[in-house]
**Student:** 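Structure below; questions to follow.
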Number of protein chains: 2
Amino acid sequence: MENLPLPRPTDGDLSILRVLWSDGASTVREIHDKLNGGTGYTTVLKLLQIMTDKGLVTRDVSARTHIYTAALAEEQTQRQLVSDLLDKAFGGSAEKLVMQALSSKKASREELQQIRKLLDQMEEK
Amino acid sequence: MENLPLPRPTDGDLSILRVLWSDGASTVREIHDKLNGGTGYTTVLKLLQIMTDKGLVTRDVSARTHIYTAALAEEQTQRQLVSDLLDKAFGGSAEKLVMQALSSKKASREELQQIRKLLDQMEEK
DNA sequence: TATTGTCAACGAACACATTCGTACTTAAAT
DNA sequence: ATTTAAGTACGAATGTGTTCGTTGACAATA
């Protein structure tokens with residue numbers, strides 16, 4: 001019964017996961033087409049096979065053309081990656097990370113408002 | 001005249017950079033001692049030599065015992081890493097990243113206050 | 001039926017990260 | 001002067017990520 005902690009997705013893994021998150025369960029060809037960039041078909045296939053071994057995706061093999069699905073929800077993976085970066089590069093300081101995130105890309109006024117709401121919720125609790 | 005874009009530091013690189021950022025210019029031995037974890041002396045040395053080639057650190061070779069310094073300031077590297085993660089896993093949405101950062105680790109009341117100040121500053125401008 | 005296209009599987013090649021042992025050099029201690 | 005300690009340099013081994021060519025199975029088409 002495989003129930004090991006999932007490994008951190010690599011850059012290649014993430015480019016595939018992004019497609020699965022946005023489009024839902026997909027075939028290799030669909031993913032490959034969406035990834036119009038330089039990678040060949042068999043490269044995408046190989047990556048998906050490895051990701052299956054790692055547990056990052058699951059696949060339906062009942063038909064000849066396999067169908068892949070992301071094993072974890074987008075938010076769950078994002079949370080893991082943020083937590084990882086927090087430990088490795090920010091000494092655990094969420095504040096510093098937030099600062100850099102806000103200054104590295106100009107957030108819109110709506111986004112800032114949204115973040116304020118989140119802060120309110122966190123202080124209430 | 002090497003002036004190429006610096007590569008993204010690996011996990012090993014970051015563990016060393018953290019020491020250099022907090023303690024300033026250091027020798028291999030000092031870094032190795034601070035990294036009390038399982039890595040051997042020559043491993044740290046090798047990593048530093050590679051990091052020198054990559055341009056992540058510079059070294060003073062005038063004495064027998066070399067002295068290493070981080071090439072980039074902590075904030076600069078952090079900004080790069082955040083921007084990287086933003087592209088690769090968040091579709092460029094700084095808001096989502098901030099949300100995850102705040103929820104993945106409970107921020108203190110002071111930190112939340114600090115973030116509010118930052119939001120104020122960003123809205124003024 | 002014969003040919004052509006689509007798919008998964010596999011292995012090989014290359015690059016990079018990580019680790020450490022060994023060799024060589026230089027300084028310090030005996 | 002000899003030995004010991006501390007340092008750098010240099011491979012070598014291993015693991016992982018990434019890429020793609022080739023093979024074989026199967027389906028669709030001519």
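To find a chain, count down the sequence lines: A is the first, B the second, and so on, and within it residues start at 1.
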**Student:** Would you mind classifying the nucleic acid contact of A:T10 as base, sugar-phosphate or nothing, using non-hydrogen atoms under 4.0 angstrom?
**Tutor:** sugar-phosphate
**Student:** When the distance from CD1 of B:I67 to C1' of D:dT8 is rounded to whole Å, what number comes out?
**Tutor:** 14 Å
**Student:** Among the candidates C:dC10, C:dA8, D:dA9, find the nucleotide nearest to the side-chain atoms of A:H66.
**Tutor:** C:dA8
**Student:** How many whole angstroms separate atom CG of B:D13 from atom C1' of C:dT19?
**Tutor:** 14 Å
**Student:** Just how far, in rounded Å, is C1' of C:dC7 from CG of A:L48?
**Tutor:** 13 Å
**Student:** Treating B:Q78 as the side-chain partner and A:A89 as the backbone partner, does any N or O pair qualify as donor plus acceptor under 3.5 Å?
**Tutor:** yes
**Student:** Starting from P on D:dT19, measure out to CG on A:L45 and report it in whole angstrom.
**Tutor:** 13 Å
**Student:** Rounded to the Å, how far apart are A:D33 CG and C:dC7 C1'?
**Tutor:** 14 Å
**Student:** Just call it for B:T43: base, sugar-phosphate, or nothing, with non-hydrogen atoms closer than 4.0 Å on any strand.
**Tutor:** base
**Student:** Please state how far atom CG in A:L47 lies from atom C1' in C:dC10, giving the value in whole angstrom units.
**Tutor:** 15 Å
**Student:** Does any N or O in the side chain of A:H32 come within less than 3.5 Å of the main-chain N or O of A:T39, such that one atom is a donor and the other an acceptor?
**Tutor:** yes
**Student:** Between the axis at one end of the helix from C:dT1-D:dA30 to C:dT30-D:dA1 and the axis at the other (five pairs apiece), what's the angle to 10 degrees?
**Tutor:** 20°
**Student:** Among C:dC7, C:dT18, D:dC20, which nucleotide sits nearest the side chain of A:Y41?
**Tutor:** C:dC7
**Student:** Classify A:T39 by what it touches in the nucleic acid, base, sugar-phosphate, or nothing, heavy-atom distance under 4.0 Å.
**Tutor:** sugar-phosphate
**Student:** Has the side chain of A:K46 got a donor or acceptor that lies under 3.5 Å from a partner of the other kind on the base of D:dG21?
**Tutor:** no
**Student:** In this structure, how many angstroms lie between the C1' atom of C:dC7 and the NE2 atom of A:H32, rounded?
**Tutor:** 14 Å
**Student:** In whole angstroms, how far is the C1' atom of D:dG11 from the CD1 atom of B:I50?
**Tutor:** 12 Å
**Student:** Check the pair B:D120, A:R116 against salt bridge (Lys or Arg N to Asp or Glu O under 4.0 Å), reporting the backbone distance first and the verdict last.
**Tutor:** CA-CA 10 Å; B:D120 291 342; A:R116 279 185 198 280; 2.9 Å; yes
**Student:** Ignoring hydrogens and geometry, is there a side-chain-to-backbone donor-acceptor pair from A:T52 to A:L48 under 3.5 Å?
**Tutor:** yes
**Student:** Categorize A:T42 for me: base, sugar-phosphate, or nothing, with a 4.0 angstrom heavy-atom threshold over every strand shown.
**Tutor:** base
**Student:** Just by modelled atom types, is the B:R8 backbone N or O under 3.5 Å from a matching donor or acceptor in the B:T10 side chain?
**Tutor:** no
**Student:** Counting N and O atoms only, with roles assigned by atom type, does the side chain of B:R18 sit under 3.5 Å from a partner on the main chain of A:K88, one being a donor and the other an acceptor?
**Tutor:** yes
**Student:** How many angstroms lie between atom CD of A:E74 and atom CZ of B:F90, to the nearest 0.5 angstrom?
**Tutor:** 8.5 Å
**Student:** Is A:Q49 near enough to C:dC10 that one of its side-chain N or O atoms lies under 4.0 angstrom from OP1 or OP2?
**Tutor:** no
**Student:** Of the options D:dG21, C:dA8, D:dT8, whose atoms approach the side-chain atoms of B:V28 most closely?
**Tutor:** D:dT8
**Student:** Distance criterion of 3.5 Å, no angle test: do you see the side chain of B:R64 paired donor-to-acceptor with the base of D:dT8?
**Tutor:** no
**Student:** Of A:G40 and A:R8, whose nearest nucleotide on DNA chain D comes first from the 5' end?
**Tutor:** A:R8
**Student:** Ignoring the backbone of B:R29, work out which of C:dA12, D:dG11, D:dG7 is nearest its side chain.
**Tutor:** D:dG7
**Student:** So, does the side chain of A:K54 form a donor-acceptor pair with the base of D:dG17 at under 3.5 Å?
**Tutor:** no
**Student:** What heavy-atom pair brings A:L47 and A:D13 nearest, and what distance separates the two atoms?
**Tutor:** CD2-OD1, 3.8 Å
